[in-house]
Every structure is written in C-alpha cells, then in structure tokens.
Amino acid sequence: MSATVEYVRFETEDPDRLTAQRDRLVALLRERYAADFLGAHLARCEDGSLIDLLLWASPEAAERAAREMPGDPAAAGFFSLIGAVHEMRHARVLHSTRP
C-alpha cells in the first residue's frame, strides 16, 4: 500500500462557513476511516478558489471516501457549501518528509 493524496480545487460562496463545517467533516473522517485517514489541509488560492488536500493510507481508502462522503447526511453541512469543482485527483505519494 502507498499513501495517497486527494486534491480537490473548488469554489464556495462562504469560505468562513465552509471552514467552520470542516472540523465536523475531519472528525467524521477520523471516526469512519480511522487509520486510513492520515490528515488534511485546506488552503485558499490567489483566485479565491479553495484547495482541499487529504492524505490517505491507500488509494482504496481515498476512493472509498470520495464515493461515500459527498452523499453522507453527516457530512452535508460541508458538502452543501461547495460550489463548482474545478478539479479532483488522487495521486500516489512518492516521497514525503516531516518538519
């Protein structure tokens, strides 16, 4: 198994509300996927779009979560605030370091 990064670039009309909902989403990901969910970062691009970077233990875990979470009622508060999705990809981690 190799770690997998999930990259999603999207729009939202209310970044503050979306960010507030994200704590609930991250807690849900930890609960549902346990050791398969390794972490997440949310960032704002210069054009105002957001990038969500999630780290998964395997491509299978990333694909499973991508299938399950958008329609999960427990995650609706977060996903309802996402507008246009510009790009979503999964990529295998080739190298990583820790600070």
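Everything numeric in this text was worked out from a predicted model, so none of it was measured. Counting begins at 1 with the first residue of the sequence.
Distance check: Arg30 CZ to Leu38 CG gives 10.5 Å after rounding to the nearest 0.5 Å. One distance of note links CD1 of Ile51 with CZ of Arg44; it measures 12.0 Å at 0.5 Å rounding. Rounded to the nearest 0.5 Å, atoms CG (Asp23) and CG (Leu28) are 12.5 Å apart. Rounded to the nearest 0.5 angstrom, Glu11 CD and Ile82 CD1 are separated by 11.5 Å. The line from CZ of Phe10 to NE2 of His86 is 10.0 Å long, rounded to the nearest 0.5 Å. A distance of 9.0 Å separates CG in Leu50 from CG in Asp47, rounded to the nearest 0.5 Å.
Within 6.0 Å of atom CD in Glu87, more than 12 heavy atoms from other residues, nucleotides or ligands are found, so the atom counts as buried in its surroundings.
Judged purely by atom type and a 3.5 angstrom limit, Thr19 uses its side chain to pair as donor or acceptor with the backbone of Pro15.
Identified under the side-chain hydrogen bond (donor to acceptor under 3.5 Å, both in side chains) test for residues 68-79, with sequence neighbours left out: Arg32-Asp72, Tyr33-Glu68, Arg64-Glu68.
Side-chain contact between Arg24 and Phe78: absent, with no pair of heavy atoms (C-beta onward) separated by less than 4.5 Å. Using a 4.5 Å cut-off on side-chain heavy atoms (C-beta onward), Leu25 and Met69 make contact. Taking 4.5 Å as the limit, some side-chain heavy atom of Ser2 sits within range of a side-chain heavy atom of Arg92. The shortest side-chain heavy-atom distance between Arg22 and Val26 falls under the 4.5 Å cut-off.
Screening Leu29, Leu42, Val5 for a side-chain contact (heavy atoms from CB on, under 4.5 Å) involving Leu54 leaves a single residue, Leu29.
Contact detail for Leu81 and Thr12: the closest heavy-atom pair is O-OG1, 2.6 Å. Taking each heavy atom of Phe37 and Gly39 in turn, the nearest pair found is CE1-O, 3.5 Å. What you find for Ala35 and Ala57 is that their closest heavy atoms are O-CB, 4.0 Å. Heavy-atom minimum distance, Thr4 versus Ala62: CG2-CB, 4.0 Å. The heavy-atom pair separating Met88 from Ala66 by the smallest distance is CE-CB, 3.4 Å.
Put simply, Leu53 and Val93 are part of the same group of oily side chains (I, L, V, M, F, W, Y) that touch within less than 4.5 Å, one to the next.
Not a single side chain to side chain donor-acceptor pair (under 3.5 Å) links Glu31 to another residue, sequence neighbours left out. Among residues two or more places apart in sequence or in another chain, the side chain to side chain donor-acceptor pair (under 3.5 Å) test is passed with Arg67 by none.
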